[in-house]
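Just the heavy atoms: all of them, side chains too, but no hydrogens, waters or symmetry mates, feed the values below. First listed ligand is number 1; within each ligand, the first listed atom is number 1.
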Amino acid sequence: VMKILVTGGAGFIGSHTCVELLEAGHDVVILDDLSNASGTVIDKIETITGKRPAFYQADAKDRTVLHEIFTAHRIDAVVHFAGFKAVGESCHIPLAYYRNNLDSTLALLEEMAQAGCTRFVFSSSATVYGPDNAIPYVETMPTYVATNPYGWTKVMIEQILRDYCTATPGFTAVLLRYFNPIGGHPSGLLGDDPNGIPNNLMPYIARVAAGQLDKLTIFGDDYPTPDGTCRRDYLHVVDLAKGHLKAIDYAMEHTGAEAFNLGTGHAVSVLELVNTFMEATGVNVPYVIGPRREGDLPQMWADTHKAETILGWKAEKTVADMCRASWNFVCSVKKQLCPVRNRNNKTAVSLRDGCFCCLHLVDPGGAVVRDRLPVHMGEQRDDRADAADDIEQRERHGKPELPVPRQGGHMLPLRQKDIERDDRVPQPALSEAGGPRQQCRADHAEALLCEQPQRNGAQQPGGARLATPLHN
Ligand code: UDP
């Protein structure tokens with residue numbers, strides 16, 4: 001059993017890695033300032049694994065906290081995820097990117113030196129290969145030209161780690177160059193949940209599918225690729241998380257700096273990903289073709305030979321698996337909006353589909369007593385009790401309803417068996433992430449039922465598809 005410090009452990013890749021570490025029997029200490037993650041992720045990691053990681057909410061540059069952590073815990077290895085990662089933003093505020101990403105790494109290395117900790121796994125990126133290398137990318141290729149400040153921080157940190165390893169016999173740095181991680185945990189509890197409008201393709205697709213965004217814009221279809229859209233090496237985040245376990249094992253047995261590509265070795269175009277998503281989930285994703293996005297490379301994928309032979313790691317999941325997992329996560333987030341129990345015993349209906357643009361009040365016989373209580377489209381609410389409170393408040397104070405969502409929609413016909421099924425399950429299932437707080441607050445919530453807007457080509461006539469959560 002090792003004790004691993006995971007910086008950025010509440011983030012997308014970090015949280016999945018914590019789950020894999022805990023499930024492999026290791027102890028985990030998370031350091032995360034929650035600047036781009038939610039504190040509920042710590043609870044979710046505990047729900048999934050049955051073990052609660054130690055958690056420090058602080059900046060990874062904060063020397064006092066780092067010192068406290070290395071004093072309180074005998075850390076065997078550090079996995080360093082914490083960092084700013086938005087390519088576009090890095091072009092606007094480069095100093096913030098260099099300060100944050102470089103400083104946190106330096107602070108960690110200095111604290112590790114004091115504590116005698118010698119194993120470091122770094123979240124690097126395929127972006128270090130820059131615009132000039134041939135594809136597929138191989139670890140032996142030069143990495144000295146990035147296309148944006150974010151990419152440069154990865155190039156620079158890799159160099160810092162190589163220099164430090166050269167100067168420090170016995171120190172290990174594993175540089176993991178990620179390709180395009182997507183998907184989420186099969187429980188539906190963890191996934192990519194960026195604040196605001198997503199920059200990356202899969203979270204954008206998922207929000208379009210959920211009706212929170214109108215349509216996807218595909219950035220260019222005139223690239224020199226088979227269908228004209230850009231090609232990337234998408235990999236399942238659970239596969240990627242498992243790669244970190246292999247990297248830690250490797251770090252325990254070796255010294256020096258070593259880079260590994262973590263990808264599938266296969267390129268998938270934007271159009272192929274959108275089509276696979278629609279096929280795998282049965283949900284429509286409207287899209288338009290727009291202009292190219294500045295700085296995008298036509299295609300890239302990994303040569304995975306080194307990771308396979310030296311780490312013994314290979315991505316296993318299919319693109320359809322990744323799409324289902326991403327959709328499952330979006331559905332689960334929405335599902336948490338729905339209360340499980342009504343105070344007046346009118347009803348207790350769980351959300352059946354991935355959209356929450358309208359909420360219904362239903363009596364025990366299944367009759368809709370109050371329909372179309374709209375909530376904001378695109379509102380990212382992951383607490384169903386709060387949503388229910390909102391509606392209650394609105395009713396009580398006679399506040400006007402929010403405008404009906406632009407995309408409209410039809411009533412979701414309520415089926416008796418759905419209500420009965422909910423009544424038989426007084427507590428949310430594990431995959432619904434009820435948690436004690438939601439459960440105790442749900443008893444004063446009004447019953448809510450969400451409908452899927454009728455823009456989904458895959459829906460059956462006469463009502464929305466009652467999607468059950470998808471599991472891998
Ligand atoms: N993309 C797109 N529309 C979007 C977001 C992304 O067409 O709204 C394309 C983008 O041009 C790129 C691919 O999807 O070819 C993957 O983009 P992402 O930002 O997810 O990852 P990147 O490989 O650029 O880091």
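Classified by interplanar angle (parallel below 30°, tilted 30° to 60°, perpendicular above 60°), the ring pair F122/H80 is tilted. The aromatic rings of F12 and H16 lie perpendicular to each other, with more than 60° between the two planes, well past the 30° mark.
Proximity of the aromatic rings of F120 and Y164 is defined here by a centroid distance below 6.0 angstrom, and this criterion is not met. Ring pair H244/Y178: centre-to-centre distance below 6.0 Å.
Here the CD1-OG distance, from I13 to S123, works out to 6.0 Å after rounding to the nearest 0.5 Å.
Side-chain polar atoms of R177 and Y137 form no donor-acceptor pair below 3.5 angstrom.
Sorted by chain and number, the heavy-atom contacts of ligand 1 below 4.0 Å come from N180, N199, N200, L201, L216, T217, I218, F219, C230, R232, Y234, V270, R293, D296.
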